[in-house]
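Structure first, then comments.
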Amino acid sequence: MILHGYWRSGASYRVRIALNLKGLGYDLAAHDLRKGAQKAADYVALNPQGMVPALQVGDDVLIQSPAILEWLEETYPEPPLLPGTAADRAHVRAMAAVVGCDIHPLNNLRVLGALRKDFDADQAAIDAWAARWIASGFDALEALVARDGGDFCFGDAPTLADCYLIPQLYSARRFNVDTTAWRSLTAIETHALAQSAFAAAHPDRQPDADA
């Protein structure tokens, strides 16, 4: 398998976590989003959306991190990243969607670039924009974790929800968001980053990371 990604991409980060939790080896193909490498013709031929991540499996190319994560769960079911009952799986998917649908899309690179280019937003305005959506999403997640969480977002084993949460906490700090108010979320992060699968996926440990 070849994971096309970028070290600081939250969506790439969540796929790295899942691959590591599943114990799957992969090669990394790095695309520097700051330089527009994801728009290169050879990459767009693989992924017409021109975004990361993409997971190349033989002659097939999987795009969009939610689809990649679901494929991993279906193809490599052990260890499971979704719980046993339909209701519990729905709860985990909902937690993941708070990040994947309601937070992350509003503070990814192309949206922030549009705010700068089309609306003359400076860095302070960018940070305030990101913080608005991060805070509202984290407030909801904190309540959900209080109901269903343990060592991780849902119980005491990692799930897809944790694959989404940990990268979003990393991203929040890039926008100068003080995350200490969300005590359950940061406790989960501390526990997760002590595990090798999460630690190895951290952006700072990627071969394409800035020195």
Side-chain angles (χ1 to χ4, degrees), residues 4-17 30-39 43-44 47-54 63-69 92-146 149 153 160-190 192-193 198 201-204 206 208-210:
H4 295 264
Y6 171 60
W7 66 281
R8 209 162 59 183
S9 155
S12 299
Y13 188 178
R14 65 181 71 133
V15 173
R16 292 196 300 266
I17 292 171
H31 305 270
D32 193 332
L33 306 188
R34 297 166 298 186
K35 298 177 181 178
Q38 75 279 15
K39 299 299 183 183
Y43 182 66
V44 172
N47 179 0
Q49 199 173 15
M51 298 173 66
V52 296
I63 68 170
Q64 285 290 343
S65 63
I68 294 170
L69 294 175
V92 167
R93 288 184 171 110
M95 288 180 178
V98 170
V99 173
C101 299
D102 297 332
I103 301 177
H104 179 259
L106 292 166
N107 57 53
N108 69 18
L109 186 63
R110 63 178 183 166
V111 169
L112 302 185
L115 290 174
R116 290 188 180 95
K117 180 180 178 182
D118 299 337
F119 299 97
D120 297 321
D122 60 12
Q123 190 58 49
I126 292 291
D127 287 353
W129 166 270
R132 174 191 299 185
W133 310 115
I134 290 168
S136 62
F138 279 0
D139 285 346
L141 279 173
E142 185 80 4
L144 293 170
V145 167
C153 287
L160 292 183
D162 304 287
C163 296
Y164 281 78
L165 172 64
I166 303 307
Q168 192 58 59
L169 283 163
Y170 170 84
S171 178
R173 298 187 184 102
R174 289 183 52 225
F175 296 111
N176 299 308
V177 174
D178 181 357
T179 60
T180 56
W182 299 288
R183 293 183 181 181
S184 296
L185 304 188
T186 54
I188 289 167
E189 179 187 37
T190 298
L193 291 177
F198 287 89
H202 193 279
D204 293 345
Q206 303 317 301
D208 58 322
D210 288 347

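Throughout, residue positions are numbered sequentially from 1 according to the sequence presented. This one's a predicted model, so the numbers in the text were calculated from it and none came from an experiment.
Taken from CG in Leu160 to CE in Met95, the straight-line distance is 12.0 Å, to the nearest 0.5 Å. A distance of 8.0 Å separates CZ in Phe198 from CG in Leu193, rounded to the nearest 0.5 Å. The line from CG of Leu115 to CG of Asp118 is 8.5 Å long, rounded to the nearest 0.5 Å. Here Phe175 contributes atom CZ and Arg132 contributes atom CZ; the two are 14.5 Å apart, rounded to the nearest 0.5 Å.
Minimum heavy-atom separation, Ala121 to Ile126: CB-CD1, 4.0 Å. When every heavy atom of Pro53 is checked against every heavy atom of Val15, the shortest pair comes out as CG-CG2, 3.9 Å. Residues Ala11 and Val52 come closest through the heavy atom pair CB-O, 4.2 Å. In this structure, Val111 and Leu106 approach most closely via the heavy-atom pair CG1-O, 3.5 Å. In this structure, Leu165 and Cys153 approach most closely via the heavy-atom pair CD2-SG, 3.5 Å. The two atoms that bring Pro203 and Tyr13 nearest to each other are CD-CE1, 3.3 Å, heavy atoms only.
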- Decide side chain to side chain contact (heavy atoms under 4.5 Å, CB included) for Gln168 and Asn107; before the verdict, give the C-alpha distance in whole Å, the side-chain angles of both, and the deciding distance to 0.1 Å. CA-CA 10 Å; Gln168 192 58 59; Asn107 57 53; 3.8 Å; yes
- Item | side chain to side chain contact (heavy atoms under 4.5 Å, CB included) between Leu141 and Trp182, intermediate numbers included | CA-CA 9 Å; Leu141 279 173; Trp182 299 288; over 6 Å; no
- Query: Between His202 and Tyr170, does a ring pair (Phe, Tyr, Trp, His ring centres under 6.0 Å) hold up when you go through it step by step?
  - Reply: CA-CA 9 Å; His202 193 279; Tyr170 170 84; 5.3 Å; yes
- Task: Go through Leu185 and Thr179 one step at a time and tell me if the side chain to side chain contact (heavy atoms under 4.5 Å, CB included) criterion holds.
- Result: CA-CA 9 Å; Leu185 304 188; Thr179 60; over 6 Å; no
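Between Tyr43 and His4, the angle of the ring planes lies from 30° to 60°, which puts this pair in the tilted group.
Residues Met51 and Ile63 have side chains not in contact (no heavy-atom distance under 4.5 Å, counting atoms from C-beta outward). With a 4.5 Å cut-off on side-chain heavy atoms, Val177 and Phe138 do not count as touching. At least one side-chain heavy atom of Pro167 sits under 4.5 Å from a side-chain heavy atom of Ile17. Taking 4.5 Å as the limit, every side-chain heavy atom of Tyr6 sits out of range of all side-chain heavy atoms of Leu109. Residues Asp32 and Asp208 form no side-chain contact, since every pair of their non-hydrogen atoms from C-beta on lies 4.5 Å or further apart. For the pair Trp7 and Leu33, the minimum side-chain heavy-atom distance is 4.5 Å or more. Contact annotation: the side chain of Ser9 never approaches that of His104 to less than 4.5 Å [non-hydrogen atoms, C-beta and beyond]. A heavy-atom distance below 4.5 Å is found between the side chains of Trp129 and Leu112.
The environment of Arg174 atom CZ is dense: over 12 non-hydrogen atoms of other residues, nucleotides or ligands sit within 6.0 angstrom.
Without hydrogens or angle criteria, Glu142 side chain to Arg183 main chain gives a donor-acceptor distance under 3.5 Å. Remark: side-chain polar atoms of Ser12 are not paired, donor with acceptor, to backbone N or O of Arg8 under 3.5 angstrom.
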